[in-house]
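Letters go in sequence order (proteins before strands), and every chain restarts at 1.
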Amino acid sequence: MTINRTPADWPADEKEALAVQDALRGRVVLDEAGPPPGTGLVTGVDVAYDDDRDLVAAAAVVLDARTLDVVEEATAVGRVSFPYVPGLLAFRELPTVLAALDSLTSGPGLVVCDGYGRAHPRRFGLASHLGVLTGLPVIGVAKNPFTFTYEQPGERRGASAPLLAGEEEVGRALRTRDGVKPVFVSVGHRVTLDNACAHTLALTPRYRLPETTRHADSLCRQALQEASA
DNA sequence: GCGACAG
DNA sequence: ATCTTGTCGC
């Protein structure tokens with residue numbers, strides 16, 4: 001585990017945060033397919049908060065993409081560096097996530113985060129931002145459609161429908177379990193949308209949410225508990 | 001202007 | 001995100 005501090009150059013308010021997104025948005029790479037599903041490593045990242053104690057805990061859990069066995073875990077604890085503002089989630093989550101990723105000994109491979117990448121008001125969500133800062137292939141798998149619209153995909157696992165910002169497909173509503181609410185997949189960095197969906201299906205043999213997310217979620221909550229006590 | 005709004 | 005246990009069902 002590591003203790004992190006908010007970077008000195010981190011934006012202090014919403015206006016600065018918007019300027020950062022504007023400056024970095026052009027660095028997103030969208031024309032690489034990304035690693036093939038089921039091979040190499042896949043890393044899930046997630047964050048938990050204790051706003052009262054001003055604490056944030058992040059976890060990074062590395063899985064073998066073929067077996068979905070846990071290969072390595074890392075956590076980091078820090079101070080909350082930004083309020084929750086829809087569209088600016090990255091500034092709240094990334095400092096601690098980056099600290100957790102830094103303390104991994106293995107390369108993360110593909111990174112899966114909670115939330116969005118291209119499906120974002122300025123096409124630069126959490127997953128895009130993490131990708132640009134690390135250079136790693138990143139995808140976003142969210143539990144809610146945010147402000148976007150979609151038609152219900154077919155009832156069977158694997159069915160999908162475009163996630164739309166007006167006419168533009170910014171992601172996909174993907175059914176990972178028969179008859180269960182879809183998840184919302186979008187591209188972060190260096191992965192195509194088709195491949196991001198294939199990865200998401202490879203990571204959901206049993207539950208609605210990816211194994212990466214499930215592991216990271218429980219680990220960051222645990223780290224937060226231990227940090228409070 | 002008001003409401004909605006990833007985590 | 002977070003407040004929060006057991007319980008019904010496949």
Handout entry: Minimum-distance nucleotide (side-chain atoms of A:T147 versus B:dC5, C:dT2, B:dA6)
Key = B:dC5
Practice task
Check the distance between C:dC10's C1' and A:Y207's OH and give it to me in whole angstrom.
Solution key: 13 Å
Problem - Side-chain N or O of A:R221 closer than 4.0 Å to phosphate OP1/OP2 of C:dT2 - result: yes
Handout entry: Atom-to-atom span, OH of A:Y116 to C1' of B:dG7 - whole angstrom
Key = 12 Å
Practice task
Check the pair A:R118 / A:E168 against side-chain contact (heavy atoms from CB on, under 4.5 Å), numbers first and verdict last.
Solution key: CA-CA 11 Å; A:R118 262 186 72 70; A:E168 181 185 1; 2.6 Å; yes
Fill in the blank from the handout: A:L224 atom CG is separated from C:dC3 atom P, nearest whole Å, by 9 Å
Handout entry: Phosphate OP1/OP2 of B:dG7: any A:K143 side-chain N/O under 4.0 Å
Key = yes
Exercise for the section: Determine: side-chain N/O of A:N144 to OP1/OP2 of B:dG7, distance under 4.0 Å, yes or no. Expected result: yes
Completion exercise
Side-chain contact check for A:R92: nearest option of B:dA6, B:dG7, C:dT2 is B:dG7
Exercise for the section: Give A:R177 one of three labels, base, sugar-phosphate or nothing, depending on what nucleic acid heavy atoms sit under 4.0 Å from its own. Expected result: nothing
Fill in the blank from the handout: Separation of C:dC10 atom P from A:R206 atom CZ, nearest Å, is 15 Å
Practice task
For the residue pair A:V170 and A:R123, establish whether any side-chain heavy-atom pair is separated by less than 4.5 Å.
Solution key: yes
Handout entry: Spacing between A:D51 atom CG and C:dC3 atom P, to the nearest angstrom
Key = 10 Å
Practice task
For A:Y49, answer base if it contacts any base atom (sugar-phosphate contacts may also be present), sugar-phosphate if it contacts only those atoms, and nothing otherwise; contact means non-hydrogen atoms under 4.0 Å.
Solution key: sugar-phosphate
Practice task
Indicate, with a heavy-atom threshold strictly under 4.0 Å, whether A:D46 touches base, sugar-phosphate, or nothing.
Solution key: sugar-phosphate
Exercise for the section: Would you classify A:A48 as touching base, sugar-phosphate or nothing, given that sugar-phosphate means primed atoms plus P, OP1 and OP2, and contacts are heavy atoms under 4.0 Å? Expected result: sugar-phosphate
Exercise for the section: Select base, sugar-phosphate, or nothing to describe what A:L94 touches, counting heavy atoms under 4.0 Å on all strands. Expected result: nothing
Problem - Touch class at under 4.0 angstrom, heavy-atom based, for A:G140 against every strand present - result: nothing
Exercise for the section: Decide, applying a 5.5 Å centre-distance limit and a 30° plane-angle limit (both strict), whether A:Y84 stacks on B:dG7. Expected result: yes
Problem - A:D64: which of A:V62, A:L68, A:T67 passes side chain to side chain contact (heavy atoms under 4.5 Å, CB included) - result: A:T67
Problem - Student check: side-chain heavy atoms of A:F184 and A:F146 closer than 4.5 Å - result: no
Exercise for the section: Return the value, rounded to whole Å, for the distance between atom CG of A:L126 and atom P of B:dG7. Expected result: 10 Å
Exercise for the section: Could you state the atom-to-atom distance from CG of A:L163 to P of B:dA6 in whole Å? Expected result: 12 Å
Practice task
Write down the distance between CG (A:D50) and C1' (C:dT4), rounded to a whole number of angstrom.
Solution key: 16 Å
Practice task
State the CZ-CG distance between A:R214 and A:L63, to the nearest 0.5 angstrom.
Solution key: 11.0 Å
